[in-house]
Amino acid sequence: MNNISHLISLLGGTGSVAEKLKIKPSAVSNWRKLNKIPKNKISAILSISSQLKINAEDYLPRKNLNNFNVKILLIICGGIASYKSLEIIRLMKKTNIDLEVVITKSAQQFITPLLVTSLIEKKCYTDLFSVENESKMNHIMLARKPDFILVAPATANIMAKLANGIADDLASTILLASFSQIILAPSMNPVMWSNLATQENYQKLLGRGIEFIEPDVGEMACGESGTGRFPEPKIIFEKIVSNINKRKNTTDQFKDVSIIITAGPTIENIDPVRFISNRSSGKQGFAIASEFSKRGARVTLISGPVNIPFPKCANIIQVTTAKEMFEETMSQLPADILICSAAVADWKLVPESSSKKKINNENKIKKTKQELLFKTIKNPDILATVAKSNLRPSIVVGFSAETNNVIKNAKSKLVSKEIDLIVANDVGENKVFGDDFNKVFIIDENNCEEWSEQSKKSVASNLADRINKIFINSYI
Ligand code: CTP
């Protein structure tokens, strides 16, 4: 028996359904034959079903989430809310989401792998080291396959593991080995949630661009009340769907668009052991490269020396000096967009003796009784040179690091370097450099927008939206 035929039988059969809907029995027979209910009758069928406490949605065709074949990995951690994730699975199963599920050891105190397997109609995963898994779908494949990883409920424990890079079971190992968007839906006792350790982990994870579906306020199963309740599964599902839609709308946004991004500091050697540089970590530029890659752009990332992992993007060029960064940038032209987020060393230092004689710096410079002096030689301005060249990309974006007169100085760089947009930040008192959060002003020739403090990943995403607007307008 097909699905629709089965549903109609549950609703009392052809005659009964036809009578309730005031239509001819032959029409209902046709639905049974074609395994299809006309769109304008679906809400009536849903209403009769709910009166009879039958879940009609289980028999109706799956909702197609905009033809976007999204892959989600759901990690269920142990807690009183574990069972609520079964409802999330049920809702996802009604869509074309390709779902895999991992259950942690403690979640198995609340729900069984068999229960989950019967809901998802395929194997769910529990063990890090299993001969069968390793041959078919090992932890790295589980980590790499999904577009999104939803951890629901997320315990204080999994937050702590992820924040501190602990990989001691399948769930935590996958989280560490993944490039996917991770979304956590925490649920825990209110005191555990407000504990400084959990809050510090929460901030750390937010800063790394991990998304949260915030816990609700209310009475908990343990009898205490406060913040920590697991949000309703339907709310979690809706947030995931809205994330999917956003991803879908932006996936090919910059398809076939070539972008050069400079990032990190540059280093100018004084001698083989000493150098001049700055505090740039490269985090903001890397987040931008990653965001544009996700949106389909052909990204070339030209990076100075950094201590952070490289993002996934088409082309990565590592340089040390400003001169190398300049030459590599020029060699990548033409391009559609240039974003210079690098903190380029403005000068090279040439060591001189007090009598202004150049000192041999091929080997380590030795201390003498004489003062050591430095002559400064200006490095090329990459941003200004490209913006003023005849290979100028259609959009040129710069950054402005200032300790005072942040907006005024940024505006004057916008004009003098002849660029379209400048992202200004206050780098005084060691702010911004190395941090996971950023507070920026976005300035073009007409406006200055102040953005609230947010993760560098979120700045990257909002900047991509902003550049997309300019990009569209430049073709109208
Ligand atoms: N920039 C560049 N090449 C340089 C210096 C700066 O491409 N040699 C770019 C940076 O990547 C940034 C912008 O110019 O996008 C502004 O850099 P910033 O360090 O804020 O200012 P500077 O132009 O170096 O001027 P100053 O140091 O005097 O503020």
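Computed over heavy atoms, backbone and side chain alike; hydrogens, waters and symmetry mates excluded. Throughout, numbering of the chain's residues begins at 1 and tracks the sequence. These numbers were taken from a predicted model, which means no experiment stands behind them. When a ligand or atom number is given, it counts from 1 through the structure's own listing order.
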*Side chains of Q284 and N438: donor-acceptor distance under 3.5 Å anywhere?*
yes

*Taking atom types as modelled and ignoring hydrogens, do the side chains of E211 and N243 form a donor-acceptor contact shorter than 3.5 angstrom?*
yes

Report the nearest protein non-hydrogen atom to [atom]: residue, atom name, distance rounded to 0.1 Å.
atom: atom 5 (C) of ligand 1; result: D346 OD1, 3.5 Å
atom: atom 3 (N) of ligand 1; result: I382 N, 3.1 Å
atom: atom 4 (C) of ligand 1; result: V344 CB, 3.5 Å
atom: atom 23 (O) of ligand 1; result: K417 NZ, 2.5 Å
atom: atom 10 (C) of ligand 1; result: A342 O, 3.3 Å

*Evaluate the 4.0 Å heavy atom contact test for atom 28 (O) of ligand 1: does a protein atom fall under the cut-off?*
no

_Strictly less than 4.0 Å: does any protein heavy-atom distance to atom 7 (O) of ligand 1 fall in that range?_
yes

As an exercise, identify every atom of ligand 1 less than 4.0 angstrom from a heavy atom of [X].
X: C340; result: 11 (O), 12 (C), 15 (O)
X: P380; result: 3 (N), 4 (C), 8 (N)
X: S400; result: 20 (O)

_Please determine whether any non-hydrogen atom of E402 lies less than 4.0 Å from an atom of ligand 1._
yes

_Within 6.0 Å of CZ in F275, more than 12 heavy atoms from elsewhere_ =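 No, not enclosed.
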
Quick one, [X] and [Y] - any side-chain contact, counting heavy atoms below 4.5 Å?
X: L421; Y: I442; result: yes
X: F230; Y: I236; result: yes
X: F148; Y: V70; result: yes

*Between F374 and W347, is a ring pair (Phe, Tyr, Trp, His ring centres under 6.0 Å) present by the stated rule, with each step listed?*
CA-CA 11 Å; F374 290 100; W347 309 276; over 10 Å; no

Check: [X] N/O within less than 3.5 Å of ligand 1 N/O:
X: S341; result: no
X: A345; result: no
X: G398; result: no
X: K413; result: yes
X: F399; result: yes
X: A343; result: no

*Considering only NZ, NE, NH1 and NH2 on the basic side and carboxylate oxygens on the acidic side, decide whether R298 and D256 come within less than 4.0 Å.*
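No salt bridge links R298 with D256.
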
*In plain terms, say whether R295 and D465 are close enough for a salt bridge, that is, a side-chain N and a carboxylate O under 4.0 Å apart.*
yes

*Do V397 and D420 pass the side chain to side chain contact (heavy atoms under 4.5 Å, CB included) test, and can you show the C-alpha distance, the side-chain angles, and the key distance before you say yes or no?*
CA-CA 6 Å; V397 179; D420 304 292; 5.6 Å; no

*Among Q454, E450, E453, find the one that has a side-chain hydrogen bond (donor to acceptor under 3.5 Å, both in side chains) with K439.*
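The residue from Q454, E450, E453 that satisfies side-chain hydrogen bond (donor to acceptor under 3.5 Å, both in side chains) with K439 turns out to be E450.
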
